[in-house]
Amino acid sequence: MAKLTKRIGALVLRLAAFGAALAALIVMVTSRERASFFAVSLEAKYTDMAAFKYFVIANAVVSVYSFLVLFLPKESLLWKFVVVLDLVMTMLLTSSISAALAVAQVGKKGNANAGWLPICGQVPKFCDQVTGALIAGFVALVLYVLLLLYSLHSVVDPFLLQKS
Amino acid sequence: MAVAKLVLAATSGKSSKILLGLRVLAFLATLSAAIVMGLNKETKTFVVGNVGNTPIKATFTAKFQHTPAFVYFVVANAMVSFHNLLMIALQLFGGKTELTGFRLLSIAILDMLNVTLLSAAANAAGFMAEVGKNGNKHARWDKICDRFATYCDHGAGALIAAFAGVVLMLIISAVSISRLVQPNKCSISTTAASTSVVP
C-alpha cells in the first residue's frame, strides 16, 4: 500500500515536471514583440540570444525524456539507468536556467561597464514572457531535484532499509 | 551483513584509487578556473576624442566583477574545489573510519549537488562570454573582445578548465553512485536484488 502511494506520488511529480518544462518551452518560444522607436523597428525574438535557444532546446529534451519515463513499466531494469539520466537532466536544467538568467539580467539591467544598454524598456512584453518562462523552468528544476532524490532512494536503497 | 558488504565495497582498492585520481584532477581544474577568472583584469587606455590637436585619453578597465555571471563562476568553482579538497582529505587521512550507508549517501548527494552547481556556473559564464565575444546586434550590444583581448583569452582559459571540471565531476558523481549500488549487486540473496529493481 505504501509502495503504491509512493509510486503514484512519483508519477504525479514526473507529470508535474513534464508540464513545467513544456510550459517553459512554449512560453519562451511564443515570446515575440515588435517595437518601433524613431524610424527603427526592432523585433525581439527568443532566437536573438544564444542562451534562450539553449534554454528552449534543454527544456525540449527534458520534456521528451519525462514523457517517455512516464510510460516505463514498473519491473523494467531501466530504472537504474533512470537515476543517471535524471542527474543528467537536472544538470541540463540548471545550466539552461543559469545561462538564460545571466543573459536576461544583462537585458534587464544592462552592463554599464561594457556599454550595453538594457532592452526591457523597449520591449516590456517580451521581457515579461521571458521572465515567466524562466520561472516555469525554475519550477521544473526544483521538481527534478525531488525526482532525482526519489529515484536514488527507490533504486539504490541507500539506508539499507530492506533486509537482505 | 549488508553493512559489512557496503564497507568492503566502498574501501576496495581499485574504485577508491580511481576516485582519488579523478578528484585530484577535478580539484586542480576547478581551482585553476577560479584563480584564473578571479585574477582576470585588464586596463587599457583609449583615445576617445580630439580637442584641437591633443587627443583625449580615457582609461577603461575590464574586471570579472563587472559581470555577475563571472562572479558566480568564481564562487562556484571555489566551492567545488573546496568540496573536492575535503573529499580527498577524507580519503587520505580518514583511512580507518567506516563508510557506513549514510556517509556514502551524503558523499553521493554532495557530489551530485556540486556537479549541478558547477555546470550551471560554467554554462552561465560561457554564454556571457559568447555575448562578449560576438556582441548581439539585435540588442545593439558591442563586442568587447576586440578591445580587451587578454581579458577574453584568460576568461576562455578559465572556462575550458571549468568545463573539464564539469566532465570530471560528472564521472566522479557516477562512480560515487555506483559505490552505493555495489552491495546490492554483490548480495547473494534474491530478495535484495528484486526489491532494488522495483521503484
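Values below: all heavy atoms of this structure, side chains included; hydrogens, waters and symmetry mates excluded. Chain naming here is simple, since letters A, B, ... match the order of the sequence lines and numbering starts at 1 in each.
Separating the OG1 atom in A:T47 from the NE2 atom in B:H138 is a distance of 6.5 Å, to the nearest 0.5 Å. The distance from atom CG of A:N111 to atom CE of B:M128, rounded to the nearest 0.5 Å, is 6.5 Å. Here the CG-CZ distance, from A:N113 to B:F60, works out to 10.0 Å after rounding to the nearest 0.5 Å. To the nearest 0.5 Å, atoms CZ (B:R140) and CG (A:L117) are separated by 10.5 Å.
Within 6.0 Å of atom CZ in A:F81, 12 or fewer heavy atoms from other residues, nucleotides or ligands are found, so the atom counts as exposed in its surroundings. In the displayed structure, A:K45 atom NZ is contacted under 6.0 Å by more than 12 heavy atoms of other residues, nucleotides or ligands. Shown here is B:K41, whose NZ atom has no more than 12 heavy atoms of other residues, nucleotides or ligands within 6.0 Å. Atom CZ of B:F163 is surrounded by more than 12 heavy atoms from other residues, nucleotides or ligands within 6.0 Å.
If you chain together hydrophobic residues whose side chains sit under 4.5 Å apart, B:L25 and B:M79 fall into the same group. Two different hydrophobic clusters hold A:V62 and A:V64 under the rule that ILVMFWY side chains link at heavy-atom gaps under 4.5 Å. Cluster membership check: A:L70 does not share its hydrophobic cluster with A:I8, using side-chain heavy-atom separations under 4.5 Å among Ile, Leu, Val, Met, Phe, Trp and Tyr. Taking hydrophobic clusters as Ile, Leu, Val, Met, Phe, Trp and Tyr residues chained together by side-chain heavy-atom distances below 4.5 Å, B:V175 shares a cluster with B:I109. Hydrophobic clustering (ILVMFWY, side-chain heavy atoms < 4.5 Å, transitive): B:L110 and B:L117 are in one cluster.
Taking 4.5 Å as the limit, some side-chain heavy atom of B:N123 sits within range of a side-chain heavy atom of A:Y54. Contact annotation: the side chain of A:M91 approaches that of B:V166 to within less than 4.5 Å [non-hydrogen atoms, C-beta and beyond]. For the pair A:V103 and B:N136, the minimum side-chain heavy-atom distance is 4.5 Å or more. Between B:I177 and A:V84, every side-chain heavy-atom pair lies at or beyond the 4.5 Å cut-off.
The two residues A:A99 and B:F127 make their nearest non-hydrogen contact at CB-CD1, 3.1 Å. Smallest separation of non-hydrogen atoms from B:A69 and A:A102: CB-CB, 3.9 Å.
Between chain B and the options A:M49, A:K6, A:E43, heavy-atom pairs under 4.5 Å are most frequent for A:M49. Most heavy-atom pairs under 4.5 Å with chain B, from the set A:V106, A:V145, A:T90: that is A:V106. By number of non-hydrogen pairs under 4.5 angstrom with chain B, the leading residue of A:I97, A:L87, A:L101 is A:L87. No other option in B:I144, B:T116, B:V131 has as many heavy-atom pairs under 4.5 Å with chain A as B:T116.
Only the side chain of B:Y72 comes within contact range of chain A, with heavy atoms under 4.5 Å apart. Using a 4.5 Å cut-off between heavy atoms, A:L92 does not touch chain B at all. For B:L113, no part sits under 4.5 Å from any heavy atom of chain A, backbone or side chain. Using a 4.5 Å cut-off between heavy atoms, B:L170 contacts chain A through its side chain alone, with no backbone atom that close. Heavy atoms of B:T61 lying under 4.5 Å from chain A are absent altogether.
A side-chain donor-acceptor contact under 3.5 Å links A:S98 to the backbone of B:A120.
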